[in-house]
Amino acid sequence: MMATREQIDAARRHIEELRDYHVNDVTALIRLVDDGALKGASGDRLAADLRAWDRGFRDRFTRALSLLDSLQPSDQGTAGVSR
């Protein structure tokens, strides 16, 4: 079963919402650590880990959106689905 344009667009919106939510949360955590919430080597390691985690998730969101861009929607809408 192929996805319709509406389903692809809904998936895109959902992925973009998750991406935005992620960016805001991780950015806030990075700022907390950078502003001294955790000092010393532990804080430096945590900041590096958070930045790596942020890059990894951004890559995943980019890949997911690229995959959606490569999909060819079905010509049928919900009216064409037999029940």
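Only heavy atoms go into these numbers, but all of them, side chains included; no hydrogens, no water, no symmetry mates.
- Looking at E16 and L65, their side chains come closer than 4.5 Å, going by heavy atoms from C-beta outward.
- Counting heavy atoms of neighbouring residues, nucleotides and ligands inside a 6.0 Å radius, atom CZ of R60 does not exceed 12 of them.
- Note that CD1 of I30 and CG of D25 are 11.0 Å apart. Values are rounded to the nearest 0.5 Å.
- When all heavy atoms of F61 and R19 are compared, the pair lying nearest together is CE1-CA, 3.6 Å.
- In this structure, W53 and V26 have side chains that are in contact, with non-hydrogen atoms separated by less than 4.5 Å.
- Atom CZ of R13 is separated from atom CD1 of I8 by 11.5 Å, given to the nearest 0.5 angstrom.
- One distance of note links CZ of R5 with CG of L71; it measures 8.5 Å at 0.5 Å rounding.
- Residues S74 and T4 form a side-chain contact, since some pair of their non-hydrogen atoms from C-beta on lies under 4.5 Å apart.
- For the atom pair CG of L68 and CD of Q7, the computed distance is 11.5 Å after rounding to the nearest 0.5 Å.
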Residues V23, R58; criterion side chain to side chain contact (heavy atoms under 4.5 Å, CB included); working and verdict = CA-CA 8 Å; V23 167; R58 286 177 192 255; 3.7 Å; yes
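- Minimum interatomic distance between M2 and Q72 (heavy atoms only, all atoms of both residues): CE-O, 2.9 Å.
- Between the CZ atom in R51 and the CG atom in L46 there is a gap of 9.5 Å [rounded to 0.5 Å].
- What you find for V33 and G43 is that their closest heavy atoms are CG1-O, 3.3 Å.
- Results of the side-chain contact (heavy atoms from CB on, under 4.5 Å) test with L29 over D54, N24, L50 single out L50 as the only residue that passes.
- Between D34 and R31 the shortest side-chain heavy-atom distance does not fall below 4.5 Å.
- Between the CG atom in L38 and the CZ atom in R45 there is a gap of 9.0 Å [rounded to 0.5 Å].
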